[in-house]
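For reference, the structure discussed in these notes is given below.
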Amino acid sequence: MSLIVQKFGGSSVADPERIRKVAERVVRTKKSGHQLVVVVSALGDTTDELLHLAAKVSKNPPERELDMLMATGEQVSAALLAMAIKTLGVKAMSFTGPQVGIITDRSHTQARIQEVSAQKIKEVLARGWIAIVTGFQGMTSDHEITTLGRGGSDLTAVALSHALSAKICEIYTDVEGVYTADPRMVPNARKLPTISYDEMLELASTGAQVMQARSMEMAKKYEVPLHIRSSFSASKGTVISKEVKAMEQVVVSGVSLQKDEAKVTICDVPDKPGIAATIFTRISDSEVNVDMIVQNVSRTGYTDVSFTVGRADLNKVLRVARRVAAEIKAGKVIHDGGVAKISVVGLGMRSHSGIAATMFKALARESINIEMISTSEIKISCIIRKDQAVKAVRALHDAFTLDKLGLKPVKEKAVRARK
Ligand code: ADP
Ligand code: ASP
Ligand code: MG
């Protein structure tokens, strides 16, 4: 009997009515003769609400306690779903991440999975029951509760799919699949029937939150078969697979946006070997991920070093940057929290030239200034003003004629209002 892992995101389980609908869908899958593991996120916006609560009692809540708090969200939805399934006469049991042996490192709020035993899941499946598992959480080897970064239920689903050799990992969400751009922002975005692991990883890492970036790293590494689809309809969504030939003809597959970026500049940095190493070692020791880095040409023996980080890390990185600036005898540290990163992604970029020129021209036509640029084999990203970001996404979507990819247009009901 083949095993399916299904993951339901926060909007799919936002209220009791939706939980009952999920229960019905899960029971249908079970009755079609599959073993079934279901991963759930917290109800609706619960995780955000818990973080707001924390902010009300503490300016700088300890990350260990944040994990204790956030991990409660998923426990509620898992237990409610198990109850709803039992009401339909099917046996199901809910478990927390720690109970099913999801062992992580100690990086609270951003923990990495080190090992998955899934012992309890195997026992329950062997008895013919459905196993419900809380997404987004794990435990260190010394029994501390951890969470896997925002959107981390995707990672739980991918990790369990790999550990249990699932036939397919189905990610149920509030849109019908992966689109050429966020369909909430670009009304004429197209649903992609398939996309490669590489492209989805780049899209996710540059802001397409439909899949958590870290979950895509794991899915790519172990080639976990993925199907992203809507929990509100039966239609086929987007299958994520290894590169296929037909897809090579599509030069650009998608446009993505990371709204909450910040730019930091360390001015008048001595232009000497080892200085960049010192700066970025200090920053990485503070567990902040640096994204783009730009260093100006030095004419005077001093140069400016700019880099971007997620907006949430700005205060932390500023403290480190000011300390290291003093240490290396650089000038002042300035910052800008009003920037966004816009990216175009596509496997076809490997073999086509002129993509960057098309991108820059489209932005210029809209009078959008480019502040930083970075490229990879299948992606080009630009830092621009945040207040021009949506205009930029739409302009790039048009410039690469993504609305004419010959695929299905977005239907009205495909994009549900968020709860
Ligand atoms: P869930 O709660 O189910 O995990 P998320 O909110 O994390 O759902 O991800 C789904 C959302 O991702 C969609 O509602 C959509 O607004 C957004 N999104 C961003 N980029 C894309 C894209 N290229 N294709 C589809 N959805 C996207
Ligand atoms: N509930 C968590 C979050 O909001 C995990 C998830 O939804 O995937 O980030
Ligand atoms: Mg998500």
Side-chain angles (χ1 to χ4, degrees), residues 6-14 18 22 39-52 66-67 69-78 97 109-111 133-138 146-159 170-187 189-193 195 199-216 228-232 237-238 240 252-259 312 342-346 389-390 393 396-397 402 405 407 410 414-419:
Q6 296 185 326
K7 176 252 168 178
F8 292 88
S11 48
S12 314
V13 291
R18 288 188 182 182
V22 168
V39 174
V40 282
S41 296
L43 271 64
D45 296 327
T46 301
T47 310
D48 289 330
E49 286 156 15
L50 291 170
L51 288 171
H52 284 138
L66 277 179
D67 276 352
L69 180 71
M70 286 193 289
T72 62
E74 271 65 14
Q75 208 170 323
V76 173
S77 45
T109 76
Q110 285 292 340
V133 184
T134 54
F136 181 50
Q137 53 178 256
T146 51
T147 62
L148 309 176
R150 296 305 306 269
S153 298
D154 296 333
L155 180 57
T156 307
V158 169
E170 296 182 328
I171 306 286
Y172 287 89
T173 184
D174 57 358
V175 286
E176 297 227 341
V178 179
Y179 285 76
T180 49
D182 186 341
R184 296 179 191 284
M185 209 177 291
V186 181
R190 300 277 167 143
K191 183 170 83 181
L192 296 159
I195 189 167
E199 286 168 307
M200 192 63 232
L201 174 57
E202 288 282 20
L203 282 174
S205 321
T206 52
Q209 81 184 61
V210 61
M211 280 303 286
Q212 190 212 30
R214 281 166 59 182
S215 74
M216 282 314 305
I228 320 297
R229 56 194 305 189
S230 166
S231 53
F232 306 114
T238 303
I240 307 188
V252 169
S253 302
V255 181
S256 52
L257 169 67
Q258 208 129 47
K259 266 185 279 181
I342 177 148
S343 310
V344 297
V345 171
V390 174
V393 173
L396 294 179
H397 198 267
L402 295 181
L405 268 187
L407 311 168
V410 186
V415 182
R416 288 275 173 145
R418 306 215 108 185
K419 278 236 155 183

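We count ligands from 1, going down the list as the structure has it; atoms in each ligand are counted the same way.
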> Applying a 4.0 Å heavy-atom criterion (strictly less than), which segment of S153 is in contact with ligand 1: side chain, backbone, both, or neither?
Replying inline: neither
>> Regarding ligand 2, does G149 bring an N or O atom to under 3.5 Å of one of the ligand's N or O atoms?
In response: no
> Of all the heavy atoms in G152, does at least one lie under 4.0 Å from an atom in ligand 2?
Replying inline: yes
>> Using heavy atoms and a 4.0 Å limit, tell me yes or no: is G10 in contact with ligand 2?
In response: no
>> Could you work out, with side chain to side chain contact (heavy atoms under 4.5 Å, CB included) as the rule, every residue matching S77, not counting sequence neighbours?
In response: V13, V40, L43
> Under the salt bridge (Lys or Arg N to Asp or Glu O under 4.0 Å) criterion, do D174 and R184 qualify, and how do the steps go?
Replying inline: CA-CA 11 Å; D174 57 358; R184 296 179 191 284; 2.9 Å; yes
>> Could you check whether any side-chain N or O of Q258 sits under 3.5 Å from a backbone N or O of S343, counting only pairs where one atom can act as donor and the other as acceptor?
In response: no
>> Quick check on contacts: which atoms of ligand 2 are under 4.0 angstrom from a heavy atom of G151?
In response: 3 (C), 5 (C), 6 (C), 8 (O), 9 (O)
>> Within the 4.0 Å heavy-atom shell around R184, which atoms of ligand 1 are there?
In response: 13 (C), 14 (O), 15 (C), 16 (O)
> Who's closest to atom 21 (C) of ligand 1 heavy-atom-wise, of I195, V175, T173, D182?
Replying inline: D182
> So, the side chain of D154 versus the backbone of S215: is there a donor-acceptor pair under 3.5 Å, distance only?
Replying inline: no
> How close does the nearest protein non-hydrogen atom get to atom 7 (O) of ligand 2, and which residue and atom is it?
Replying inline: S41 OG, 3.2 Å
> Quick one: does G254 get within less than 4.0 Å of ligand 1, heavy atoms only?
Replying inline: no
>> Looking at every non-hydrogen atom in both residues, tell me the closest pair between G73 and L50 and how far apart they are.
In response: N-CD1, 4.1 Å
> Got a salt bridge between K259 and D182, using NZ or NE/NH1/NH2 to carboxylate O under 4.0 Å?
Replying inline: no
> For ligand 1, is there an N or O atom under 3.5 Å from any N or O atom of S41?
Replying inline: no
> Can you name the nearest heavy-atom pair linking S230 to Y172, along with the distance?
Replying inline: O-CD2, 3.6 Å
> Can you name the residues that form a side chain to side chain contact (heavy atoms under 4.5 Å, CB included) with A42, not counting sequence neighbours?
Replying inline: T46, T47, E74
> Looking only at protein heavy atoms, which one is nearest to atom 9 (O) of ligand 2, and how far off is it?
Replying inline: R150 NE, 2.7 Å
> Taking T238 for the side chain and V178 for the main chain, is one N or O donor matched with an acceptor at less than 3.5 Å?
Replying inline: yes
> Do ligand 1 and G10 have nitrogen or oxygen atoms that lie under 3.5 Å from each other?
Replying inline: yes
>> Given K191, K7, Q209, identify the one with the heavy atom nearest to atom 4 (O) of ligand 1.
In response: K7
> Side chains of T72 and Q75: is there a donor and an acceptor less than 3.5 Å apart?
Replying inline: no
> Quick one: which ligand 1 atoms are inside 4.0 Å of a heavy atom on V178?
Replying inline: 24 (N)
> For ligand 2, does E74 get within less than 4.0 Å through its side chain, its backbone, both, or neither, judged by non-hydrogen atoms?
Replying inline: side chain
> So does R229 pair up with E176, basic N to acidic O under 4.0 Å?
Replying inline: no
>> Under 3.5 Å between any N/O of S12 and any N/O of ligand 1: does that happen in this structure?
In response: no
> With a cut-off of 4.0 Å, which atoms of ligand 1 are near a heavy atom of Y179?
Replying inline: 22 (C), 23 (N), 24 (N), 25 (C)
>> Assess whether a salt bridge exists between R150 and D48, defined as any Lys/Arg side-chain N lying under 4.0 Å from an Asp/Glu carboxylate O.
In response: yes
> What atoms of ligand 1 come closer than 4.0 angstrom to any heavy atom of G177?
Replying inline: 24 (N), 25 (C)
>> Give the atom numbers and elements of ligand 1 that come within less than 4.0 Å of a heavy atom of A208.
In response: 19 (C), 20 (N)
> Taking both backbone and side-chain atoms of T47, is any N or O found less than 3.5 Å from an N or O belonging to ligand 2?
Replying inline: yes
